[in-house]
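Single-structure report; data block below.
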Amino acid sequence: MADANWYVVHTYSGYENKVKANIEKTIENRHLEDEILEVRVPMQDVMEVKNGARKNVQKKMFPGYVLINMVMNDDTWYVVRNTRGVTGFVGPGSKPVPLSKAEMKPLGIKVDNITVDFAEGDTIAVIAGVWKDTVGVVQRMDYGKQTATINVELFGRETPVEISFAEVRSMQ
């Protein structure tokens, strides 16, 4: 499999979340989970003052743009390019250009992959965060986000929880 890179897609202003949802639905329908790994609308916390009251709100960092972590090939290009609300990839002409490591750093996108000593089906212990001292079985691993989904018992029910790779250790 070829390496995945981050690409920037230009959208109609105000359609960023709709484009994200449409691409994620298409990924699911066409089973492209291994080729289009993640779709993001970068957000930032901003202090807003309205009627004398301060309020923390989330605003889009780049209105009119969506970031996509994907393996570039004819199928993925076609899916993204023909999504409703997408006007095109950012790059000269019609050729998409991946973001460099230097460009991704201020966006909070991790480029270093963490190697882990556990896999789906393994039992792990949570060593940090809200779920510290919890033990669970790995249901799913997302290397793009560097998270593992485990089931924990919450109010007498099995509940899936997403945990960062850095917060867990293998029980073997």
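This chain uses plain numbering: 1 for the first residue, then up along the sequence. Predicted model only: the values in this text are computed from it and were never measured. Quick note: numbers below take in every heavy atom, side chains included, and nothing from hydrogens, waters or symmetry partners.
- Ile127 and Trp131 sit in two unconnected hydrophobic clusters of ILVMFWY residues. Membership requires side-chain heavy atoms under 4.5 Å apart, directly or through other members.
- A 6.0 Å sphere centred on CG of Asp74 holds no more than 12 heavy atoms belonging to other residues, nucleotides or ligands.
- The shortest side-chain heavy-atom distance between Arg40 and Trp6 falls under the 4.5 Å cut-off.
- With ring centers used as reference points, Phe89 lies 6.0 Å or more from His10.
- Contact check for Val126 versus Ile150: side-chain heavy atoms found under the 4.5 Å cut-off.
- In this structure, Pro160 and Thr149 approach most closely via the heavy-atom pair CB-CG2, 3.9 Å.
- The two atoms that bring Pro96 and Pro98 nearest to each other are O-CD, 4.0 Å, heavy atoms only.
- For Lys132, the salt bridge (charged side-chain N to carboxylate O under 4.0 Å, His left out) criterion is met by no residue, not counting sequence neighbours.
- The number of heavy atoms from other shown groups lying within 6.0 Å of NZ (Lys60) is above 12.
- Rounding to the nearest 0.5 Å gives a distance of 10.5 Å between CD of Glu153 and CG of Asn151.
- Closest of all the heavy-atom pairs between Val71 and Thr76 is O-OG1, 2.8 Å.
- Glu16 has no carboxylate O lying under 4.0 Å from a charged side-chain N of Lys20, or vice versa, which leaves the two without a salt bridge.
- Here OG1 of Thr87 is found 7.0 Å from CZ of Arg81. Values are rounded to the nearest 0.5 Å.
- Asn73 places a side-chain N or O within 3.5 Å of a backbone atom of Asp75 that can act as its donor or acceptor partner.
- At least one side-chain heavy atom of Leu99 sits under 4.5 Å from a side-chain heavy atom of Val8.
- From Asn69, atom CG reaches atom CG of Asn5 across 7.5 Å, with rounding to the nearest 0.5 Å.
- Atom CD1 of Ile27 sits about 9.0 Å away from atom OG1 of Thr83, to the nearest 0.5 Å.
- Taking both residues in full, the closest heavy atoms of Val39 and Ile36 are given as CG2-CG2, 4.3 Å, listed atom of the first, atom of the second, then distance.
- Although no hydrogens or angles enter the test, the distance criterion places a donor-acceptor pair under 3.5 Å between the side chain of Gln139 and the main chain of Val137.
- Closest non-hydrogen pair, Met141 versus Glu120, comes out as N-OE2, 3.5 Å.
- With contacts defined as side-chain heavy-atom distances shorter than 4.5 Å, the pair Ile163/Ile124 does not qualify.
- One distance of note links CZ of Arg30 with CD of Glu35; it measures 11.0 Å at 0.5 Å rounding.
- Under the 4.5 Å side-chain heavy-atom criterion for ILVMFWY residues, no single connected hydrophobic cluster contains both Val9 and Val97.
- The shortest heavy-atom contact between Asn22 and Arg84 is ND2-O, 3.9 Å.
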One pair to check against side chain to side chain contact (heavy atoms under 4.5 Å, CB included): Ile68 and Glu38. What are the steps and the verdict? CA-CA 6 Å; Ile68 302 179; Glu38 189 176 353; over 6 Å; no
